[in-house]
Participant: 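I'd like to ask you about the structure that follows.
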Amino acid sequence: MSDANYVVEVNETNINDIVQMSARVPVLLDFWADWCEPCKALAPVLDALVTKYQGKFILAKVDTEANPGLCQQLGVRSIPALKLIVQGQLAGELNGAQPASEIEKLLQTVLGDAEGEPEQPDENDFFAQIERARGMGAYDQAIDALQSAIAEDSKEIKYQTLLSEVLMDVERLEDAQQVLDNVTDEKAKAPALARLFFLQEFLCFDSAESLQFRVAQDANDMEARYYLACNCVLAGEAEAAMELLLEIVQKDRSYKDDGARLALLKIFDMLEGNPVVAKYRRRLFANLH
């Protein structure tokens, strides 16, 4: 992937997304302005570090003239200023124009040394780059990279299942289904198939809020509970989804021909290896017997 994929422009509308991105990869916020000569001097230094570390951190540039409220919120009193964000928390900062060596010291507190790494990324680096691209919304680049990888090694199942996940990110559900149809390892593709199932199920509903209202108003509205559970799965709230589905299993096994139980099994596929699955498997068993 090109260096441009590791640099993003920050504003008040996407700052929360940038902070969330730091859960996947460290983010270095660069506060600058067009009139600031030290900022201009710092820019090529930062660009060189982006090239050197090749996606191990994201450079997030904040135009202070365009985002004064954001600068105030983040405590920026002078520029240039650098703030390193990791897991949503401030991990370090530098003020004023800094040499590359000082910025690297800051980065290395969370990244380690970039020297001595192989020029060609290994498989883990490749998957990490795909995840960073997804986090930045660079879906086309991620799809292109995965398709190229599959062309070189069509037997690598991880490339295919991850491609299906990225296609689902951009709601290309039929394409995702086609990719998964070509995967013969049922266990390997089960989590992706489960996610695809819930995406397809929820297509007919536009609003989780309306479903929440229906659940609150009517304890016997199985449809609202079922589709709210689908929404919860897609929002990363798997336990809330399983609670809703267990309610349906308890009250109405006939709904969607035992659909709540089948949906629970798909969530178990998605969460394979997560200790919470054992708890809900026990609860499902108790409800069935």
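Values in this document were obtained by computation on a predicted structure and should not be read as measured data.
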Participant: Between the main-chain N or O of Ala224 and the side-chain N or O of Asp221, is there a donor-acceptor pair closer than 3.5 Å?
Facilitator: yes
Participant: Output yes when Arg195 and Asp169 qualify as a salt bridge under the 4.0 Å nitrogen-oxygen rule, no when they do not.
Facilitator: yes
Participant: Would a distance-only check, ignoring hydrogens and angles, find a side-chain to backbone donor-acceptor pair under 3.5 Å from Thr64 to Phe31?
Facilitator: no
Participant: Less than 4.0 angstrom from a charged side-chain N to a carboxylate O is my criterion; do Glu9 and Lys61 meet it?
Facilitator: no
Participant: Are Trp35 and Val76 connected into the same hydrophobic cluster when the rule is that any two of I, L, V, M, F, W, Y join if their side-chain heavy atoms are below 4.5 Å apart?
Facilitator: yes
Participant: Could you tell me which non-hydrogen atom of Ala33 sits nearest to which non-hydrogen atom of Cys39, and how far apart they are?
Facilitator: N-SG, 3.8 Å
Participant: Taking the inter-plane angle between the rings of Tyr159 and Phe127 on a 0 to 90° scale, is it parallel (under 30°), tilted (30 to 60°) or perpendicular (over 60°)?
Facilitator: tilted
Participant: Whether the Gln250 and Asn287 side chains hold a donor-acceptor pair (N or O, under 3.5 Å, no angle test) is what I'd like checked.
Facilitator: yes
Participant: Taking all atoms of both residues into account, what is the closest heavy-atom pair of Leu262 and Asp257, and its distance?
Facilitator: CD1-O, 4.2 Å
Participant: Verify side-chain contact (heavy atoms from CB on, under 4.5 Å) between Leu84 and Leu107, making sure each step is shown before the conclusion.
Facilitator: CA-CA 8 Å; Leu84 183 62; Leu107 291 172; 4.2 Å; yes
Participant: Taking the side chain as everything from C-beta on, heavy atoms only, tell me whether Glu243 gets closer than 4.5 Å to Glu239.
Facilitator: no
Participant: Is the shortest side-chain N to carboxylate O distance from Arg214 to Glu209 below 4.0 Å?
Facilitator: no
Participant: Are the side chain of Thr161 and the backbone of Ile157 linked by a donor-acceptor contact shorter than 3.5 Å?
Facilitator: yes
Participant: Run the salt-bridge test on Glu165 and Lys189 with the 4.0 Å N-O cut-off and return the result as yes or no.
Facilitator: no
Participant: According to a hydrophobic-cluster definition based on side-chain heavy atoms being under 4.5 Å apart (Ile, Leu, Val, Met, Phe, Trp, Tyr only), do Leu70 and Trp32 belong together?
Facilitator: no
Participant: For Ile18, is there any backbone N or O sitting under 3.5 Å from a side-chain donor or acceptor partner on Ser22?
Facilitator: no
Participant: Just checking, is any N or O donor in the side chain of Glu104 or Tyr53 under 3.5 Å from an acceptor N or O on the other one?
Facilitator: yes
Participant: Hey, any chance Met242 and Val277 share a hydrophobic cluster, counting ILVMFWY side chains that come within less than 4.5 Å of each other, even indirectly?
Facilitator: yes
Participant: Using a strict 4.0 Å threshold on nitrogen-to-oxygen distance, state whether Glu201 and Lys266 make a salt bridge.
Facilitator: no
Participant: Centre-to-centre under 6.0 Å for Phe202 and Tyr227, is that the case here?
Facilitator: no
Participant: Stepwise, does the ring pair (Phe, Tyr, Trp, His ring centres under 6.0 Å) test hold for Tyr226 with Tyr255?
Facilitator: CA-CA 9 Å; Tyr226 179 84; Tyr255 178 74; 5.7 Å; yes
Participant: Minimum heavy-atom separation for Val249 and Arg261, please, with both atom names.
Facilitator: CG2-N, 3.8 Å
Participant: Judged by atom type as modelled, is there a donor-acceptor pair below 3.5 Å linking the side chain of Asn14 to the main-chain atoms of Asp17?
Facilitator: no
Participant: Same cluster for Leu211 and Phe213 if Ile/Leu/Val/Met/Phe/Trp/Tyr side chains link at under 4.5 Å?
Facilitator: no
Participant: With Leu28 as reference, evaluate Ile58, Ile85, Ile103 under the side-chain contact (heavy atoms from CB on, under 4.5 Å) test and give the passing residue.
Facilitator: Ile103
Participant: Verify side-chain hydrogen bond (donor to acceptor under 3.5 Å, both in side chains) between Gln177 and Asp181, making sure each step is shown before the conclusion.
Facilitator: CA-CA 6 Å; Gln177 183 69 66; Asp181 286 344; 3.0 Å; yes
Participant: Is it the case that the side chain of Gln98 and the backbone of Asn95 share a donor-acceptor pair, with hydrogens and angles ignored and the cut-off at 3.5 Å?
Facilitator: yes
Participant: For Ala188, does its backbone N or O pair with a side-chain atom of Lys158 as donor and acceptor, under 3.5 Å?
Facilitator: no
Participant: Using side-chain contact (heavy atoms from CB on, under 4.5 Å), reason through Tyr6 and Thr51 one step at a time and then give a plain yes or no.
Facilitator: CA-CA 9 Å; Tyr6 309 130; Thr51 299; over 6 Å; no
Participant: Answer yes or no: are there more than 12 heavy-atom neighbours, outside Gln72 itself, under 6.0 Å from its atom CD?
Facilitator: no
Participant: Are any of the side-chain heavy atoms of Leu146 and Leu162 separated by less than 4.5 Å?
Facilitator: yes
Participant: Looking at Val179 and Gln160, what are the two nearest heavy atoms and their distance?
Facilitator: CG1-O, 3.2 Å
Participant: Is the number of heavy atoms from other residues, nucleotides or ligands under 6.0 Å of Glu171 CD greater than 12?
Facilitator: no
Participant: Could you tell me the separation between the SG atom of Cys36 and the CG atom of Leu42, rounded to the nearest 0.5 Å?
Facilitator: 8.5 Å
Participant: Mind checking the CD-CD1 spacing from Gln147 to Ile143? Nearest 0.5 Å is all I need.
Facilitator: 6.5 Å
